[in-house]
Protein chains: 2
Amino acid sequence: MGRVTIKDVARHAGVGLGTVSRVMNNHPRVSPETRERVLKAIRELGFRPNATARRLPRKTELRYIGVITHPFLLNYHSISERLRGVQTALSASDQGLDLALFSASSAAHFDSQLHHIVQANAVEGLLIVDFDMSDDQVQRLRQARIPFVGLNHLRGRSWPCIGTDNEYGGYVATRYLTELGHRRIAYIGDNMVDEYGFSTSQERYIGYKRALTEAQIHLNTRYVRLGDHSYRMAYDITQELLQLAQPPTAIFAMSDLQAAGIIAALRAADVHVPADVSVIGYDDTELAMALGLTTICQHLEQSGRLAAGYLLALIAGADTPPPTLPNSQLIVRQTTQPPKHRLS
Amino acid sequence: MGRVTIKDVARHAGVGLGTVSRVMNNHPRVSPETRERVLKAIRELGFRPNATARRLPRKTELRYIGVITHPFLLNYHSISERLRGVQTALSASDQGLDLALFSASSAAHFDSQLHHIVQANAVEGLLIVDFDMSDDQVQRLRQARIPFVGLNHLRGRSWPCIGTDNEYGGYVATRYLTELGHRRIAYIGDNMVDEYGFSTSQERYIGYKRALTEAQIHLNTRYVRLGDHSYRMAYDITQELLQLAQPPTAIFAMSDLQAAGIIAALRAADVHVPADVSVIGYDDTELAMALGLTTICQHLEQSGRLAAGYLLALIAGADTPPPTLPNSQLIVRQTTQPPKHRLS
DNA sequence: TTGAAAGCGCTACCAT
DNA sequence: ATGGTAGCGCTTTCAA
């Protein structure tokens, strides 16, 4: 597509380049007639000035830190917490860096977004939320000399990531339940991993399994359910779990929101929490506080702050190792207690 | 500050301009020695290429839709819902527009951000979340031909805004309570208005007053409390309200999160909801669903979608009136009922 | 493999 | 008030 430039407009209006520019910039010294003629030409040609070209002679720099994430994540509490941390770090640094938010709805889309970002030299640095990258993708960013930091936990990744260990989180939550004496423990996760390569749920599941193994509890796959991470889904799954001949005495969920759905479903079925069933959530949101929910705190806001701060350091040319985030932490509230009867 | 350019690097390394460029772009046909010499020069001079200048000859356009908001808002559920709507509209349009998130922590900061955005020609269009603008600021955006849409309700604004009427929302919630027979109705809002010119809480308060007046209820200022919009604050304020000689029989809150704090405080004081005290929240978040909270739905995600869609139309040169968002809606759940005794 | 030079699309200055 | 022109900092040909 041969874009319409200021030159075309000038020719079309029968004026000089400078005049068109003056009209665009509301320069006072343009006669009303000429101005009208130029505006008409602009309209007729559908001219839209090239922002990059305007910036160059004006010498107004525009610098961004990019954040790339999945649009579904915008549903989640986790993203706004992390974004908040990122913004905090950015404002604090006062380097005139703004935040560009890219979203990628599939692995292919992620790749094309990455391509776009590199090609357009869009950002000074990139925060990659939860997505994993192929060696090739890492290579491309390195070659383009765009510093990047993952906003999630480093597990088998060859590039710096900041986040808490999901395997550990899953382990700690489940171990707490086994220590309380539970043996029929359900896990409700999400299935994003299959579609998008997010491994969060899977990692926590591995921790869950490890805790079961340690407690010599046989893994019952009926207790493992994956859905779409919504309140509603957790509600429905809980109803199904209650239909089992041996329903679980404890449920560990992927998020506080799911836990809320679980609690609601239990309440609706007149099953008492925690007397009949214990529930553990994840994220330590204000929702968990509101519900008195036992949960795992993964320091989301802080992770955003640290990751952005580290990225800024990398941009400034630092060659230091990434900062460490405190590990996940079990927050015990009122939705967990030993099971009524010790069963096997 | 005379920035270091590629020219300086070339001179310093004793090579031509093109060679420096080739090194920066990992061009294969550069001898290892020359490459090393150039890299050394780059390091020594602290050279950082100008992203704008790189984009120009590459002809890779980079276009953003800006969203400007207050960093505190990132705490709120409302912002992620709206951002999600914006992203949805942006992706759907498939125009290669990305999202730039600006945050302004004060009125002065907002003004300077606006200046920066205009000056740098940073965005194709701007969504202004909750901030109000002076005539001068509106004028500046108009002059720069940057289309803009407010992401909040239009009340006394001369520019297009998309959002539900807060006065109406406050009115509907309060009227529902008066109709149930409540006469001692508290309002818990936030105090952002003073510091930042956000009028959300104030507008709802006006609706609250109107409903009281209609029901011939005298406004008791002890029942009107403003805080910082957190769960904690609402919790504390509720404790104070319970100390009053005549505690309220109903509480209307600025957000579902506050409502959750209120309910928790009431429960802690062994006051039953809704038997002893009714509670209404705002936003219809999943938290409200989880708590069975009566609340006001203000169609946040949809407002983001509509506003972004409309902005895209404006950018494309449309001259249509803004779309209309369905008005706020009362969602009755289980935290409201008539007061125990009819009191005056 | 390298240097020189011609743009990229626009702004802003210098004349007129 | 307007047209011509010299950059803005970089990429990418074209020769050598």
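Letters A, B, ... are given to chains in the order of the sequence lines, protein chains preceding strands, and every chain is numbered from 1.
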Run the salt bridge (charged side-chain N to carboxylate O under 4.0 Å, His left out) test on A:E44 and A:K40 for me, step by step, so that the C-alpha distance in whole Å, both residues' side-chain angles and the decisive distance to 0.1 Å come before the verdict. CA-CA 6 Å; A:E44 287 180 359; A:K40 183 156 160 283; 3.3 Å; yes
Side chain to side chain, B:S303 and B:H299, heavy atoms closer than 4.5 Å: no
Distance (rounded to the nearest 0.5 Å) between A:I68 CD1 and A:L151 CG: 12.5 Å
Does atom NE2 of A:H27 have more than 12 heavy-atom neighbours, drawn from other residues, nucleotides or ligands, at distances under 6.0 Å? yes
Verify whether one side chain among B:R55 and A:N50 offers a donor that lies under 3.5 Å from an acceptor in the other. no
Measure [atom1]/[X] against [atom2]/[N] and give the value in whole Å, please.
X     : N      : atom1 : atom2 : value
A:L56 : D:dC8  : CG    : C1'   : 4 Å
A:N26 : C:dT11 : CG    : C1'   : 14 Å
A:D8  : C:dC10 : CG    : C1'   : 13 Å
B:E36 : C:dT1  : CD    : C1'   : 17 Å

Inter-axis angle, terminal five-pair segments of the helix from C:dT1-D:dA16 to C:dT16-D:dA1 [nearest 10°]: 40°
Could you list the donor-acceptor pairs under 3.5 angstrom formed between side-chain atoms of residues 138-149 of chain A and any protein atom two or more places apart in sequence or on another chain?
unit_1: A:R140; atom_1: NE; unit_2: A:D136; atom_2: OD2; d: 3.4
unit_1: A:R140; atom_1: NH2; unit_2: A:D111; atom_2: OD1; d: 2.5
unit_1: A:R140; atom_1: NH2; unit_2: A:D111; atom_2: OD2; d: 3.3
unit_1: A:R145; atom_1: NH2; unit_2: B:N26; atom_2: OD1; d: 3.4

Let me see the working for B:R305 and B:E301 under salt bridge (charged side-chain N to carboxylate O under 4.0 Å, His left out), right down to the final yes or no. CA-CA 6 Å; B:R305 218 158 4 95; B:E301 196 269 348; 2.9 Å; yes
Mark up nucleotides 10-16 of chain D, 5' to 3', with B wherever a protein heavy atom is under 4.0 angstrom from a base atom, S wherever such an atom reaches only the sugar-phosphate, and - elsewhere. BBBB---
Pair B:R157 + B:D132: basic N to acidic O under 4.0 Å: yes
Nucleotide nearest A:K59 when distance is taken to its side chain, options C:dT2, D:dT2, D:dC8: D:dC8
Contact under 4.0 Å: B:T34 side-chain N or O vs C:dT1 OP1/OP2: no
